[in-house]
**Q** 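The structure that follows is given in the form of C-alpha cells.
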Amino acid sequence: VKATIRDFVNCAVLAKEAGYDGVEIMGSEGYLINQFLVSKTNQRSDEYGGESFVNRMRLAMEIVTETRKACGLDFIIIFRLSMLDLVKDGSSWEEIKALAQALE
C-alpha cells in the first residue's frame with residue numbers, strides 16, 4: 001500500500017515538473033481507490049480495511065495528503081469521487097459526504 005501511495009505522489013510530481021497545473025486522482029467507481037472505500041470490495045483486516053470507514057478511506061486520504069505535501073499548495077488536486085456507487089451495498093451517502101469533507 002505504501003508503494004502505491006508513493007507511485008501516485010510520484011506521478012503528480014512528474015506532472016508538475018512537466019509543467020502541468022494539477023492532477024486528477026481517480027477515486028470513482030471501479031478504480032483502485034474506490035475498491036478500498038467500499039466495504040463490499042475491501043476485505044482487508046489491516047488499517048486500510050474493515051468495517052471502519054475511517055480505515056477504508058485511509059488510502060485516499062494518504063494519497064491526497066502526500067501529494068499536497070510533495071507538490072505544494074499552488075498545485076491543483078482534483079479528487080474524482082463517486083456520488084453513486086454502481087455496486088449493490090456500495091458506499092452510503094453518509095460515507096460519500098464524510099470523504100468529501102475529509103478531502104477538503
Side-chain angles (χ1 to χ4, degrees):
V1 173
K2 296 297 184 187
T4 299
I5 294 166
R6 283 191 304 271
D7 290 342
F8 271 93
V9 174
N10 187 49
C11 288
V13 168
L14 291 172
K16 183 175 182 175
E17 289 173 356
Y20 287 89
D21 295 325
V23 293
E24 181 174 18
I25 298 170
M26 296 298 292
S28 57
E29 64 279 335
Y31 291 95
L32 176 67
I33 295 170
N34 187 257
Q35 292 175 11
F36 273 72
L37 292 169
V38 179
S39 61
K40 183 171 184 143
T41 53
N42 184 339
Q43 301 299 308
R44 299 176 70 95
S45 59
D46 61 7
E47 69 268 23
Y48 294 94
E51 290 300 313
S52 166
F53 188 63
V54 170
N55 283 2
R56 289 184 278 121
M57 72 178 193
R58 189 178 314 277
L59 176 67
M61 295 304 301
E62 289 183 5
I63 289 170
V64 171
T65 299
E66 294 304 314
T67 300
R68 176 61 64 218
K69 284 181 193 173
C71 294
L73 293 175
D74 61 335
F75 191 72
I76 299 166
I77 299 174
I78 299 169
F79 186 91
R80 183 163 298 217
L81 177 63
S82 289
M83 300 302 282
L84 173 65
D85 238 331
L86 299 177
V87 295
K88 187 179 179 200
D89 301 323
S91 296
S92 70
W93 182 245
E94 292 305 316
E95 290 173 339
I96 293 166
K97 289 192 311 186
L99 178 60
Q101 290 170 341
L103 288 167
E104 269 188 313

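We count residues from 1, following the sequence as given. Hydrogens, waters and symmetry mates play no part in the numbers below; they use all other heavy atoms, side chains included.
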**Q** With sequence neighbours left out, what residues match A70 under side-chain contact (heavy atoms from CB on, under 4.5 Å)?
**A** V9, V13

**Q** Tell me the closest heavy-atom pair linking R44 and V1, and the distance in Å.
**A** NH2-CG2, 3.4 Å

**Q** Enter the distance from I33:CD1 to M57:CE here, rounded to the nearest 0.5 Å.
**A** 13.5 Å

**Q** Please answer: with hydrophobic residues joined when any side-chain heavy atoms are less than 4.5 Å apart, are V54 and M61 in the same cluster?
**A** no

**Q** Answer yes or no: is there a donor N or O on one side and an acceptor on the other, between the side chain of R58 and the main chain of G49, under 3.5 Å?
**A** no

**Q** Walk me through it: do R6 and E66 pass the test salt bridge (charged side-chain N to carboxylate O under 4.0 Å, His left out)?
**A** CA-CA 8 Å; R6 283 191 304 271; E66 294 304 314; over 6 Å; no

**Q** I'd like to know if the side chain of E24 reaches the main chain of F79, judged simply by a donor and an acceptor atom lying under 3.5 Å from each other, with no hydrogens or angles considered.
**A** no

**Q** Are L73 and Y20 in one and the same hydrophobic cluster, where Ile, Leu, Val, Met, Phe, Trp and Tyr link if side-chain heavy atoms are under 4.5 Å apart?
**A** no

**Q** Verify the cluster assignment for I78 and M26: are they in a single hydrophobic cluster under the rule of side-chain heavy atoms below 4.5 Å apart?
**A** no

**Q** Can you measure from CD (Q101) to CD1 (I96) and round to the nearest 0.5 angstrom?
**A** 12.0 Å

**Q** Indicate the atoms forming the closest heavy-atom contact of Y48 with E62, along with that distance.
**A** OH-OE1, 2.7 Å

**Q** Mind checking whether I25 and L32 sit in one hydrophobic cluster, side chains of I, L, V, M, F, W, Y counted as touching below 4.5 Å?
**A** yes

**Q** What I'd like to find out is whether the side chain of E95 reaches to under 4.5 Å of the side chain of L37, using heavy atoms alone.
**A** no

**Q** How long is the span from the CZ atom in R56 to the OG atom in S91, to the nearest 0.5 Å?
**A** 7.0 Å

**Q** Scan for salt bridge (Lys or Arg N to Asp or Glu O under 4.0 Å) pairs involving residues 10-22, sequence neighbours excluded, and state none if there are none.
**A** K16-D74

**Q** Working to the nearest 0.5 Å, report the span between CD1 of I5 and CG of L59.
**A** 5.5 Å

**Q** Mind checking the CG-CG spacing from L81 to N34? Nearest 0.5 Å is all I need.
**A** 8.5 Å

**Q** Crowded around R68 CZ? As in, over 12 foreign heavy atoms under 6.0 Å?
**A** yes

**Q** Measure the CG-CZ distance between N10 and F8 for me, rounded to the nearest 0.5 Å.
**A** 12.0 Å

